[in-house]
Visitor: 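Pasting a structure below so you can have a look.
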Amino acid sequence: MAKDTSLILMIFLPFIGSAMAAFFPSNARNAEAWLAGAVTVCGLVLASMCYPAIVAEGPVRAQIEWLPTLGLNFTLRMDGFAWLFAMLVSGIGFLVVLYARYYMSPEDPIPRFYAFFLAFMGAMLGIVLSGNLILLVVFWELTSIFSFLLIGYWYHNANARDGARMALTVTGIGGLCLLAGVLLIGHIVGSYDLDVVLASGDLIRSSDLYLPALILFLLGALTKSAQFPFHFWLPNAMAAPTPVSAYLHSATMVKAGVFLMARFWPVLAGTYEWFWIVGFAGMASLLLGAYFAIFQRDIKGLLAYSTISHLGLITLLLSLGSPLGLIAAIFHMTNHATFKASLFMAAGIIDHETGTRDMQRLGGLFRFMPFTATLAMVASAAMAGVPLLNGFLSKEMFFAEAIETHADSILDRVAPYVAVLASAFAVTYSIRFIHGVFFGKLPDDLPREPHEPPFLMRFPIQLLVLTCLVVGIVPGLTIGPFLHTAVTSVLGLATPEYSLAIWHGVTLPLLMSFLALLGGALLYLLLKNYLAHCEEGPPYFRQLKGQRIFERVMVAVSWRGARFLENRLGTRRLQPQLRLLVAVALIAAAWPLYHMSFGLAAFSWNLDDAVFSGLWAIGIFCAVGAAYQAKFHRLVALIFLGGAGLVTCTTFVWFSAPDLAVTQLLVEIVTTVLILLGLRWLPKRSEEFQTDAIRMAARLRRYRDLAIAVAAGGGMTLVAYAVMTRAAPPTIADYFLEKAYTEGGGRNVVNVILVDFRGFDTFGEITVLGIVALTVFSLFRRFRPAPDSVESPEQQRVQNATDEARPDRTAGETVSDYLLIPAVIMQWLFPVIIVLAAYLFFRGHDLPGGGFAAGVAMAAAFILQYLAAGTRWVEDRLRVLPLNWIGFGLLLAALVGMGSWLFGYPFLTSHSQYVELPLIGSIPVASAILFDLGVFSLVLGATVLMLIAFAHQSVRRLRASRIAAAEEETA
Amino acid sequence: MEWTSHLLIAPIVLPLVAGALLLMFDERRHTLKAAISLASVLTLLVITVVLLRFVDSETAMTSVYPLGNWPAPFGIVLVLDRLSALMLVLTSVLALAALIFSLARWHKSGPHFHTLFQLLLMGLNGAFLTGDLFNLFVFFEVLLAASYGLVLYGSGQLRVKAGLHYIAINLAASSLFLIGVSLIYGVTGTLNMADLALRIPAVAAEDRMLLEAGATVLGIAFLVKAGMWPLGFWLPTAYTAAAAPVAAIFAILSKVGVYVILRLSLLLFGVDAGATAGFGSSWLLFGGMATIAFGAIGVLASQAMGRLAGFYVLVSSGTLLAAIGMASVSVTSGALYHMVSSTLAISAFFLLIELVERAQDPAANVLAVTMEAYGDDMDEEEAPEEVGLAIPGTLAVLGLCFVGCALLLAGLPPLSGFIAKFALLTAMIGGNENAAMWVLAALLLLSGLSAMIAMTRAGIRTFWAPIEGTVPRVRVSEIVPVGFLLVLCLVLTVQGGSVMRYMDATAQSLHTPMNYVRAVMSTAQVPGPKAAESQ
C-alpha cells in the first residue's frame, strides 16, 4: 500500500469506525469491541508498515488539497516522533478497547461510548500526524470536544457534567489561544505548512511577534497538558469512566500538550522567555502535583495529580532548551503512558470489584486479587522511579539534566532540589497507593465481595507492565532504536550522544534517586496515620480549590457580569430604542455637515410666499398638536393629523401636482376613517392615575424628547432647504418629461412614471399594500380587546337606556335609527362613487387619476356602505371578496408584466397606441392600462380587507355578548 | 431577448405569482396551499442554483435586466452578479428548510402563512437583485411588510408585543431610508446605483456634505436592519418571539442590511469614489466591533436558547460589518464565507430550538440556572450508580444536531464555522497591522468562546440535566430541514476550496466596481417599436 494512502487511512478509519459504532444496537458490547479493536489494530499495522520508510527516507507525507488559497491543506506527515506517538495512541487504544469491553456495564449504552472513543482516537492521531498547523488546531479542538463527550458519558451524574464542562472550557480556551498563536506563527513564517515552519526557527525567534505568539501557543499547550495554573480540570475529569481516564488522561489527550511543545521545540525553545514560562509551569506542576497526590483519598484523584506532576516533569525537561532534556522528555512521555495507563486500569478493576475507590475504605485486597496487586505494584514502582523499571531510566535522565546549569537563574538553581523533593513525594504517593489498597486491615463494609477480574480485563495491564519491565531492563534493545528515530526526527543533525543504559556508575543522579526513594518511604511512614483519617486534599491547600475558584469566576463572568452588562449596554424597551435611533441618525447626519461647515443660501421673501407660509403654519400647528395630544386624546390627535394631511394636499395643488393631490386626498380620507374605526378598540388612557413624582419624571423625559425632536426636525428642514436652494443637477426626471408622451404614450407624466418608467416600483408598492392588508386582517382575527373597551360605546348605552325607559320604544330602535337620513344618502352614493372611480381610472394615463386613485375612491364607496347600513346588511347583499381582489390584482399585474416576454421584451415593457372606437372616437390604449387595472383591484381589495377586519371585530363582539347574555338567561 | 435572460427576474415574479395564487383559494385548503408553496420554493431553488452556476461560468460576470425596456439610468434595472446570485441561493435554501419545517404544524396555526412567506421571498430576492436605490426601498418595504405579518404569525401576547416593537423600529428606519435616498437624489440626480457610482466622484465639493449626510442616514437605516449596536436591541427579542420557521427565514433578514452595506459601500464609496472613497468604513469597523462585543455578552447572559440565538445574530452581523469596515479583498472574501455559514447555522438552530424546547418544562430551566448560579450544593449530591442512560433515539438525533449548531456558533472545527473564523482571521492578520485589527481578531475569538460557554451550558441543561423531561414528539419532516442545513455546512467545509474560490472571485469583483458599473451602463435597450418611433 502506498505510504500516503496508509496515512490517510490511519486518520479516517477511526472516524468511519465511529460512525459505524453509533448505529449498533445499544447492547452490542462484543460487536462494538470487535469493531473498535479492529480499527485500533489497523492503526497499529498501518503505522508499523510506514516505519521502514521513515527510517530510510525520513518523514512520510500525504496531502489532499482543501483550502489552498488560505494555506490550509489536509497535509499529513509522519516522522519518527509522530510515529512513536501514533503507535502509542493506537496501541494503548487497543488495550483500552479490550479493557472497556469488560469494564463497562451491560446496561451502559455502549454505542455512544465506542463512537466517541474512536472519534477521539482519530482526532488524536490527527494531532500527531498533522503536517499543517491549522489542521493540527482542527484536530486539537476535536480532541477537546470528544473528551468533553467522553467525560460526560455518565451525564446523569452531576460531577461528570461539571467535570466535562470544565475540561471543555479550559481546553477550549486553550485551543482558541493556540489558534491565535498558530495564526501568528503562520503570519511570521508566511506558511502554515509544518515543514516550512520547522525550518524557520530563527525567523520566528527574531520576530517582534515572537513573544505574543509564544504565550498564546503555550497557553494552548499548557491547558491541554493540565499544567499549573490550569491543572484543576484534570482531577475533575476523573468522573469519566475509567477506560476514558486510562486513555485520555494518561496516554493521549494530556500528552497532546507536551507533544506539541516537543514538536515545536526546535523553533520556539531556547529563548529566555520560553525557559521562564515553560520552566515555571513545569516546576510548579511537578512539585504541587506530587504534593497534592499524596493527600488524595480517591485512587483516580491520586493518579490524576500524579499525572499532573509527571507532565510537569516533562514540561520542565522541555523548558531547559538542551537536546538531552528533549530526549529525556520524549522518553518519559512513552514511559509515563505505559505505567499510568496500567495504573488507571488497575484502579478501575479495584473500583469495579469492590465498588469504591476511596483509599480510606480499602485495604488488604492482596489476598483477594494477588495477580492484579502484583501488577499494580510493579507499575507503581515504575511511577516511583524504582530501578529496573522504565520510570527509573527517564527519571535518572531528568536528574542528570536538573543538575546542569542551563540559564543562570533562580529557577535553574532550585531545580535539583525540587526534582529530588518531587520524586520523594512520588515515592510517597506510590507507596500510599499500594499499601493503602492492597495491604493492611481488610475492611468489612465493602459494597461488593472482591475477587480477581476476568483474564482478558487484566491482560492489558499485564502487557503494559511487561513493557515497563522490559524497557526498564534492556532499554537499548527495545525502545532504543525507536526512540532514536523519534529524537533525530525532532532534533535532526543536532542530536547529541546519549545512552539508555541502566548503569552509569555511581553518579550524582543515582544518589539523588536513592535519596528520593528513601525520603519518600520515610515521609510515608510519618504520614501514614494522618493519611488514614485525613480529609480529602492536602493540608493548608484544602480550602483553595481550583475547581471552586473556576466555578465562581465562570458564574461571575459568564452569568452575572454578562447579565449586568447586557442590561447596561442594551434595553428591551421600545421608547429608548426609538430615541436612540433618532439621536444616532441626527448625530451621524450632522457630523459631515458640521465637518464641512454647512452653509445656506440667503433667504429671500416675497408676497406669494406669505399665503403659502400661512398655510404651512397651520400645517405645522396641526402636526405639533397631533404629537402633543397623541398620548391621552387620540381623537383630537387624529383630527390634527387630518389637518396636516390636508395642508400637504394643498401644497401639492399649489405646486401644480394634481395627481398627488387627488391621491393624497383620497388616501387621507380613507386612512382617517379606518383609524377612527380602530380607535374604538383602544383602551382609555387617563392622566389621573399618575402620581406627582411620575408626572414630573415623565415631563422631564418629554422635554428631552422634545429637544431631540426639535433638533431632528430643524435639521431636516435645513437640509431640505439646502437641497432645494442649490442648482439642481441634471436628473433623470428630465428624461421622463421628455419621453413620457413620445415613448410612454401618456401626457400625465406622473402616471407614466408610475405605470411605465418605474412601473416596477409600483408593482412592488402594491404588493406592500396587499401584504399590509393581510397583516392587519390576520392580526385582527386573533384580536381580543382590552376589558374596558369590550362594552358598548357610551352613546349606544345612553340610546339603549332611553329605549328601555320609554314604553313606546323597543330596545335598539334608537341605535338603528341613528343618522337615518345621512345613511340613506350614503347608500345612494354607491353608484355615484363607482362612476367617479371609473372616471378617475380611465383618464389616468393623460390626466390626473389612475388605478390607485380609482381604487381608493372605490374603497370609499364600500366604507360608506358599511358605515351606513352595517356589516350584516352589506354582506347579505354584496359579494365582498377582498382577498380574491388582492390576488387578482397581483396576478393581473404580473401577467401584464410577463406578457411582454411573448414579444421578446423585458418584464413590464409597455405598449401603447390609439384605438378607434365607434361613437367615442380615438382613445389611447396602453398595455399599462391593464396593469393599472391590477393596481385598482389590489388597492380596492386591500382597503376593503382592512375595513372588514374592523367591521368583523364589531360583529364578533356582538356575537360574544349575545352568547354571554343567552347564557345568563338560561342560568 | 432570449428566453433564458428572463430567468433573472424569475426569483421575483415566481414567489409573487405563487403568493397571489394562494390568495385565490380558501383558507382551509391546507394541502393545496402547501403544495403550491412548496412547488414555488423548489422551483426557486432550482432557478437560483442555475443562476449561480451561470454567473460563475460566464466571463461577463454581471448580467443586467432592464425593466420595461428603459435604458439604464432612467429605468429600473436588475443586476445579477456573483454576490446577488449567492444571496439568492442562500435565501431559497433557507426558504426550503423553513417551509418544510412549517408544513408539520406551523402553517396551520394562523391565516395566510404561505402568502406572506412567498411575498417575503419576493421582497428578499428583489432586494438582492435590484440595481436601483429607490427600487431597493420598495423591495425593502415588501420584505418588511411581509416580515411584519410573519413576526406576528401565530399570535400570543409575547409575539404581538415583540412584533409591534419590531414594526415601530423598522417603520422609523424606513423613514430614514427615504430621507437618505431623497438627499442622495437631490445631490446627484439619479437613483441607479451604477450611475451613482459614476456621478459621486464628480459631486461638487460644497455638495459633498449633503451627499455624505444622505449616505449616513441611508446607512443607518440598513444598520438598524443589520442590528448594529446601539440600533439592534429589538433584534433578539423579535427573533426569539417569532415562530420557529419564521425565525429560520429571518436569519437572512439581518443579512439583507449587511448585503446592502457591502454592496453600496464598495460600489459608491469604493476605490474609484474620489474624495468620498472609504466613506464610513471606520464607523463600520468600530460599530461592528461594538456589536460583536454586545452580542457576545448577550449570548453569555442568555438563559433561553432562543435569546441566545438572537444575540448570536448580532455577533454574526457585527463580524460582517467590522469585516466590511476593514475594506480588504481577502477579508471580504472571508466575510462572505462567514455570512453563508452563520446564516445556515442560525437558521438551523432556530428550527432546532423549537423542537428541543417542546419537551421542556419552563420551571426546570429556572431551577437549573439557579442551581448553577449559586453552585453551592453541587458536591453534596450522592454519587449515583454509575451506569449510563441510553438516550432515546429522538434525543440522540436532536443532540447530534445541537452539537452541530454549537460547533457552528462557537466556530469550532470540523464544521464551516471554524473555516469562516479562520478565513477571516488569517486574512486580517495577513493584511495591515494596526491596533483595531488586533482588537477585532481578539473579539472574534472571544465571541466564539462566549458562544461555546453558553451553548455548553444550554446543551448540558437540556440534554444532560437529570431533571426528567419528556422526550419531545418530533416529526421526521421537522428534523430533516435541520439536518439539511447542517449537512450544507458540512459541504461548505469539505468543499471549502471551491467555495472559497467563488468567494474570492466575488470579493474581487466587489472591490473593482467599475466592471459592474460598465455592465449596467452599457446595457442596450431591446430595439422595438419605441426605438423605431423615436427615430
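Chain identifiers are assigned alphabetically (A, B, ...) following the order of the sequence lines, protein sequences preceding nucleic acid strands; residue numbering begins at 1 within each chain.
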Visitor: Ignoring hydrogens and angles, tell me if any N or O in the side chain of B:R199 forms a donor-acceptor pair with the backbone of B:V187 under 3.5 Å.
Guide: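 Looks like no, no N/O pair under 3.5 Å.
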Visitor: With a 4.5 angstrom heavy-atom cut-off, which part of B:T188 approaches chain A: side chain, backbone, both or neither?
Guide: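 It is the backbone, since no side chain atom gets that close.
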Visitor: Is B:L78 close to chain A through its backbone or its side chain, or both, or neither, when contacts mean heavy atoms under 4.5 Å?
Guide: side chain
Visitor: For B:I453, is it the side chain, the backbone, both, or neither that has a heavy atom closer than 4.5 Å to a heavy atom of chain A?
Guide: side chain
Visitor: Determine yes or no for a side-chain-to-main-chain donor-acceptor pair under 3.5 angstrom, with A:R726 supplying the side chain and B:G186 the backbone.
Guide: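 Pair found, side chain donor or acceptor close to backbone of B:G186.
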Visitor: Looking at chain A, which one of B:T216, B:V299, B:V224 has the largest number of heavy-atom pairs inside 4.5 Å, strictly under?
Guide: B:T216
Visitor: Can you tell which part of B:I429 gets under 4.5 Å to a heavy atom of chain A, answering side chain, backbone, both or neither?
Guide: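 For B:I429, heavy atoms of backbone and side chain both lie under 4.5 Å from chain A.
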Visitor: For A:A164, is it the side chain, the backbone, both, or neither that has a heavy atom closer than 4.5 Å to a heavy atom of chain B?
Guide: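 Only the side chain of A:A164 comes within 4.5 Å of chain B.
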Visitor: If you compare all heavy atoms of B:A423 against all heavy atoms of B:G334, which two are closest, and at what distance to 0.1 Å?
Guide: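 That would be CB-CA, 4.0 Å.
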Visitor: Quick one: pull up CG in B:L231 and CG in B:L176 and give me the separation to the nearest 0.5 Å.
Guide: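 Atom-to-atom, B:L231:CG and B:L176:CG are 9.5 Å apart.
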Visitor: Which one of B:L152, B:T130, B:L144, B:L22 has the most heavy-atom pairs closer than 4.5 Å to chain A?
Guide: B:L152
Visitor: Side chain, backbone, both or neither: which part of A:I110 has a heavy atom under 4.5 Å from chain B?
Guide: neither
Visitor: Taking every heavy-atom pair that is under 4.5 Å apart, which of A:T69, A:V772, A:T571 has the most such pairs with chain B?
Guide: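 The option with the most such pairs is A:T571.
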Visitor: Heavy-atom distance under 4.5 Å to chain B: side chain of A:M724, backbone, both or neither?
Guide: neither
Visitor: Go through the atoms of B:L445 and report whether side chain, backbone, both or neither lie under 4.5 Å from a heavy atom of chain A.
Guide: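 Both the backbone and the side chain of B:L445 come within 4.5 Å of chain A.
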Visitor: Students often mix this up, so state it plainly: with edges at 30° and 60°, are the rings of A:F907 and A:F763 parallel, tilted or perpendicular?
Guide: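 Correct class here is perpendicular.
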Visitor: Students often mix this up, so state it plainly: with edges at 30° and 60°, are the rings of B:H112 and A:F777 parallel, tilted or perpendicular?
Guide: tilted
Visitor: Could you tell me whether the side chain of B:F233 reaches within less than 4.5 Å of the side chain of A:P576, counting heavy atoms only?
Guide: no
Visitor: Just verifying a value: how many Å separate A:R758 CZ and A:F736 CZ, rounded to the nearest 0.5 Å?
Guide: 6.0 Å
Visitor: Pick whichever of B:V217, B:D504, B:L449 has the most heavy-atom pairs under 4.5 Å with chain A.
Guide: B:L449
Visitor: Using heavy-atom distances under 4.5 Å, tell me whether B:V17 contacts chain A through its side chain, its backbone, both, or neither.
Guide: both
Visitor: Considering only heavy atoms, which portion of B:I12 lies under 4.5 Å from any heavy atom of chain A: side chain, backbone, both, or neither?
Guide: side chain
Visitor: When only pairs under 4.5 Å are counted, which of B:W229, B:F137, B:Y153 shares the most heavy-atom pairs with chain A?
Guide: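 Heavy-atom pair counts peak at B:W229.
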Visitor: Distance from A:I771 atom CD1 to B:L120 atom CG, nearest 0.5 Å?
Guide: 8.0 Å
Visitor: Taking the side chain as every heavy atom from C-beta outward, state whether B:T456 and A:T169 have any atom pair closer than 4.5 Å.
Guide: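 The answer is no; the side chains never approach within 4.5 Å.
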Visitor: Nearest 0.5 Å, please: how far is CG in A:L769 from CG in A:L938?
Guide: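 One finds 5.5 Å between CG of A:L938 and CG of A:L769.
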Visitor: In terms of heavy-atom pairs under 4.5 Å, which option from A:F564, A:Y192, A:W885 contacts chain B the most?
Guide: A:Y192
Visitor: If I measure from the heavy atoms of chain A, does B:R501 come under 4.5 Å with its side chain, its backbone, both, or neither?
Guide: neither
Visitor: Kindly give the heavy-atom pair with the smallest separation between B:T115 and B:G19, and that separation in Å.
Guide: CG2-O, 3.4 Å
Visitor: When heavy-atom pairs shorter than 4.5 Å are enumerated against chain B, which of A:A585, A:G759, A:A894 gives the highest number?
Guide: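 Of the options given, most contacts go to A:A585.
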Visitor: Which region of B:N192, side chain (C-beta onward) or backbone (N, CA, C, O), has a non-hydrogen atom less than 4.5 Å from a non-hydrogen atom of chain A, or is it both or neither?
Guide: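 No part of B:N192 comes within 4.5 Å of chain A.
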Visitor: At a 4.5 Å cut-off on heavy atoms, which part of B:F134 comes close to chain A: side chain, backbone, both, or neither?
Guide: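 Both parts, backbone and side chain.
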Visitor: If you count heavy-atom pairs within less than 4.5 Å of chain B, which of A:G764, A:G561, A:P729, A:P730 leads?
Guide: A:P729
Visitor: Less than 4.5 Å to any heavy atom of chain A: does that hold for the side chain of B:H165, its backbone, both, or neither?
Guide: both
Visitor: Out of B:T190, B:V403, B:L223, B:I460, which one racks up the most heavy-atom pairs below 4.5 Å with chain A?
Guide: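 Among B:T190, B:V403, B:L223, B:I460, the one with the most close pairs to chain A is B:I460.
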Visitor: Please determine, among A:M898, A:E765, A:E65, A:M554, the option with the most heavy-atom pairs under 4.5 Å with chain B.
Guide: A:E765
Visitor: Please determine, among B:F294, B:F25, B:F422, the option with the most heavy-atom pairs under 4.5 Å with chain A.
Guide: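 That would be B:F422.
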Visitor: Does any backbone or side-chain atom of A:L209 lie under 4.5 Å from a heavy atom of chain B? Answer side chain, backbone, both or neither.
Guide: side chain
Visitor: Tell me, for B:L150 versus chain A, whether the close heavy atoms (under 4.5 Å) come from the side chain, the backbone, both or neither.
Guide: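 Neither part, no heavy atoms under 4.5 Å.
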Visitor: Is there side-chain contact between B:I167 and A:T775, with heavy atoms separated by less than 4.5 Å?
Guide: no
Visitor: I need the B:I419 CD1 to B:M500 CE distance, nearest 0.5 Å.
Guide: 9.5 Å
Visitor: Please tell me whether A:D108 and A:W154 have a donor and an acceptor in their side chains that are separated by less than 3.5 angstrom.
Guide: yes
Visitor: Looking only at heavy atoms and a cut-off of under 4.5 Å, which of A:L890, A:L908, A:L67 has the most pairs with chain B?
Guide: A:L67
Visitor: Evaluate ring-ring contact (aromatic ring centres under 6.0 Å, His included) for A:W901 paired with B:Y65, printing each intermediate quantity in order.
Guide: CA-CA 12 Å; A:W901 292 350; B:Y65 189 86; 7.6 Å; no
Visitor: Name the region of A:L779, side chain, backbone, both or neither, that has any atom closer than 4.5 Å to a heavy atom of chain B.
Guide: side chain
Visitor: Is it the backbone or the side chain of B:F311 that comes under 4.5 Å from a heavy atom of chain A, or both, or neither?
Guide: side chain
Visitor: Set out, in order, the CA-CA distance, both residues' side-chain angles and the distance that settles side chain to side chain contact (heavy atoms under 4.5 Å, CB included) for B:F418 and A:V137, then state yes or no.
Guide: CA-CA 10 Å; B:F418 176 80; A:V137 176; 4.3 Å; yes
Visitor: Relative to each other, are the rings of B:W70 and A:F757 parallel, tilted or perpendicular (30° and 60° limits)?
Guide: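 Judged by the thresholds at 30° and 60°, the geometry between B:W70 and A:F757 is tilted.
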Visitor: Side chain, backbone, both or neither: which part of B:L211 has an atom under 4.5 Å from a heavy atom of chain A?
Guide: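 No part of B:L211 comes within 4.5 Å of chain A.
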